[in-house]
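A short worksheet on the structure shown next.
Order of the sequence lines fixes the chain letters, A, B, ..., with proteins taken first and strands second; residue numbering starts at 1 for each chain. This is a predicted model, so every value here is computed, not measured.
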Amino acid sequence: MSHFVNMEVFSNYQKYIDNEQELRENIRIVVREIEHLAKEATIQLQVIHCDLTKIDAACSSARKQIEACAEKYQKLAALVPPGQYYRYSDHWTYITQRLIFLIALVIYLEAGFLVTRETAAEMLGLKTKHSDGFHLDIEDYLLGILLLASELSRFATNSVTMGDYERPLNISHFIGDLNTGFRLLNMKNDGLRKRFDALKYDVKKIEEVVYDVSIRGLSNSAESKEQPKVESAE
Amino acid sequence: MPKNPGYRNNNNGPRKRQAQLDEQNPVVQAFRSYATELDAKHDRHERIIKLSRDITIESKRIIFFLHSIDSRKQNKAKVLEEAQQRLNKLIEVNFRAIALELRNQDVYQFRAAYSPGLQEFIEAYTYMEYLCNEDNGENSKSISDWSALQLIMQYEVEAEKEKPVQDVGDSSMAGEEETAKAVEKFQFFVDPTEYILGVSDLTGELMRRCINSLGSGDTDTCMETCRALQQFYTGYISLNCQRARELWRKITTMRQSMLKAENVCYNVKVRGGEAAKCASFDQKPAEETDEGFF
């Protein structure tokens with residue numbers, strides 16, 4: 001009977017988790033490098049809140065950091081064995097969301113539209129489908145986009161402070177679209193849902209800014225743009 | 001309003017959207033596809049949870065059934081045979097269904113969905129193995145490890161679904177399809193960590209067997225199970241792993257089980273076989289306070 005408990009099982013398992021630990025260490029090193037680049041980009045983009053003329057410059061330097069991240073993601077992809085993305089994904093989900101946020105912010109500032117998941121993935125050198133390899137998880141993308149909403153509500157306030165009264169309107173339309181988009185999703189009671197619930201506060205904040213601006217007649221287009229919006233609402 | 005009927009969806013509130021959704025809006029179009037993808041993922045998750053729950057329930061019943069083995073009733077062979085059959089059925093039907101769901105997926109993505117069922121099954125399976133080998137003395141086989149379990153969770157399916165549906169009407173394709181009916185192999189992936197966690201629950205069952213045997217006056221079994229428990233405990237504390245809070249909790253429970261079993265053996269030794277029957281009554285409450293599974 002004493003043969004039933006096989007100690008080899010435990011030594012084999014120890015080897016198994018030692019390998020896993022080692023891989024996790026290596027992943028952590030790369031993730032830390034990505035975090036560093038993302039932080040740089042975040043700092044560079046802070047300038048949009050105090051100097052509107054520097055937006056273009058901030059975007060292009062942030063783009064450089066993001067490009068550098070793509071290389072690091074290649075490293076990660078090489079580390080993670082195929083089919084085991086979700087075994088280790090907890091290491092990089094947070095930073096990927098931050099990067100999606102940064103990409104979405106840059107694209108919004110440059111072009112004024114919402115970055116698609118495909119474009120965002122491409123900029124980080126990631127696939128969009130899990131079957132194609134190291135990919136951008138859909139929830140990470142969506143969570144990153146939600147981070148953008150709160151940054152834009154801050155940007156709306158600050159652009160008014162800096163005397164740009166048109167921008168809040170544009171932001172308001174953009175966030176409105178975003179809100180509509182998120183309402184199409186069937187949420188489970190998870191992290192995505194929680195953060196989505198916070199989106200309405202960002203929407204509210206931006207609407208307040210638009211209200212303040214239009215009621216005082218600070219914006220020329222405020223009235224002309226509000227008009228068709230009211231019509232379509234009826 | 002074009003909204004998919006979803007579970008626990010707070011979006012379906014009484015508030016009616018005043019404007020029609022602008023389907024040409026690129027954001028709306030993009031989010032429609034995201035919604036489809038998220039739904040597919042959540043649905044698969046839910047389906048696996050359901051399958052896993054069935055496995056958990058049946059495994060718990062099998063364990064309970066295995067506890068009905070009593071040296072006074074001489075029912076061991078019969079119970080073991082039936083338990084074996086029921087476990088095989090779980091492998092052939094339930095695990096196969098989960099494996100089908102996980103085919104071409106990242107198994108770790110849905111780990112939380114199937115892990116309770118898998119752990120409970122491993123507990124039942126290894127307990128059955130333990131009971132089978134109990135009387136074989138020196139010739140007894142040792143416990144199956146995860147690779148052995150992996151070997152019994154191999155499945156085959158005729159790869160007929162590979163052909164797209166639109167080919168059905170095409171008669172020229174029919175012959176080709178028959179030859180292409182290759183057997184596709186797939187498996188249910190047994191994660192070593194899940195295995196280790198499942199086996200750690202086995203020790204709770206061993207403790208129960210130890211105490212029940214005392215009740216039926218089978219003191220040899222008490223000693224045997226206690227020894228097995230001690231060996232398991234040694235094995236588990238030899239493991240050195242960070243980030244494993246779940247395992248640590250289970251090892252703590254295991255220690256409690258082992259202490260109970262050791263106390264039983266102490267009583268057997270000190271009071272002798274006759275007094276052991278009385279001692280069993282002392283142990284009864286303890287048995288109820290600790291559930292060996294989570």
Side-chain angles (χ1 to χ4, degrees), chain A residues 1-18 20-21 24 82-89 113-118 128-131 135 137-139 141-142 145 174 176-190 192-193 196-197 229 232-234, chain B residues 3-4 6-11 17-19 21-22 25-28 30-32 34-35 37-39 41-42 45 104-111 129-130 133-134 136-143 145-146 192-193 195-196 199 224 227-228 231-232 234-236 238-244:
Chain A
M1 190 54 233
S2 52
H3 298 284
F4 184 70
V5 185
N6 182 2
M7 287 302 170
E8 254 175 56
V9 172
F10 295 101
S11 55
N12 286 340
Y13 182 66
Q14 187 64 50
K15 272 180 223 152
Y16 171 82
I17 43 175
D18 286 346
E20 182 177 314
Q21 280 308 322
R24 282 184 190 279
Q84 300 194 5
Y85 179 92
Y86 290 100
R87 182 170 171 192
Y88 300 102
S89 61
F113 58 78
L114 176 68
V115 68
T116 61
R117 180 182 172 211
E118 285 72 21
T128 41
K129 272 195 235 133
H130 135 263
S131 49
H135 67 292
D137 183 71
I138 179 139
E139 290 188 32
Y141 166 76
L142 293 170
I145 296 301
F174 180 78
D177 278 355
L178 209 64
N179 199 18
T180 317
F182 272 98
R183 280 168 176 276
L184 294 172
L185 307 177
N186 290 312
M187 305 269 187
K188 276 197 4 167
N189 220 356
D190 56 4
L192 183 60
R193 161 74 175 283
F196 164 70
D197 286 343
K229 208 186 169 193
S232 69
E234 278 166 359
Chain B
K3 191 139 308 173
N4 307 333
Y7 29 79
R8 282 173 280 161
N9 191 347
N10 76 332
N11 302 344
R17 196 90 50 80
Q18 61 275 60
L21 265 180
D22 178 11
N25 189 327
V27 175
V28 170
F31 273 81
R32 283 234 182 275
Y34 303 152
E37 195 177 333
L38 272 182
D39 284 349
K41 193 181 112 181
H42 291 159
H45 193 87
N104 304 324
Q105 301 286 326
D106 186 332
V107 288
Y108 293 96
Q109 187 175 15
F110 299 99
R111 187 182 148 161
E129 274 193 330
Y130 173 82
N133 288 301
E134 215 173 20
N136 294 355
E138 288 300 298
N139 305 320
S140 74
K141 278 188 295 180
S142 52
I143 186 169
D145 64 358
W146 58 84
T193 301
Y195 170 85
I196 288 290
V199 172
E224 285 289 354
R227 206 170 310 143
Q231 287 172 344
F232 271 121
T234 313
Y236 272 93
S238 78
L239 292 176
N240 170 29
C241 44
Q242 302 112 340
R243 313 171 34 98

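Using a cutoff of 4.0 Å between basic side-chain nitrogens and carboxylate oxygens, R117(A) and E37(B) are scored as salt-bridged.
Proximity to chain B involves both the backbone and the side chain of Y13(A), based on heavy atoms less than 4.5 angstrom apart. Looking at D190(A), only its side chain comes within 4.5 Å of chain B, counting heavy atoms on both sides. Interface remark: T116(A) contributes backbone and side-chain atoms alike to the contact with chain B (heavy atom separation under 4.5 Å). For a residue to count as touching a neighbouring chain, one of its non-hydrogen atoms must lie under 4.5 Å from one of that chain's; by this rule D106(B) touches chain A with backbone and side chain alike. For Q84(A), the parts sitting under 4.5 Å from any heavy atom of chain B are the backbone and the side chain alike. Contact annotation for I143(B): both backbone and side-chain heavy atoms come within less than 4.5 Å of a heavy atom of chain A.
Relative ring orientation between F10(A) and Y236(B) is described as perpendicular, the plane-to-plane angle rising above 60° on a 0-90° scale split at 30° and 60°. Taking the six-membered ring for Trp and thresholds of 30 and 60 degrees, Y130(B) and F4(A) have ring planes more than 60 degrees apart, a perpendicular arrangement.
For the set E8(A), R24(A), E20(A), the entry with the most heavy-atom pairs within less than 4.5 Å of chain B is R24(A). For the options L239(B), V28(B), D145(B), heavy-atom pairs under 4.5 Å to chain A are most numerous at L239(B).
Q14(A) and D18(A) share a side-chain donor-acceptor pair at under 3.5 Å.
The ring pair (Phe, Tyr, Trp, His ring centres under 6.0 Å) check on Y85(A) picks up W92(A), F134(A), H135(A), with sequence neighbours excluded. Remark: Y34(B) pairs with Y141(A), F31(B) by the ring pair (Phe, Tyr, Trp, His ring centres under 6.0 Å) rule, at least two apart or across chains.
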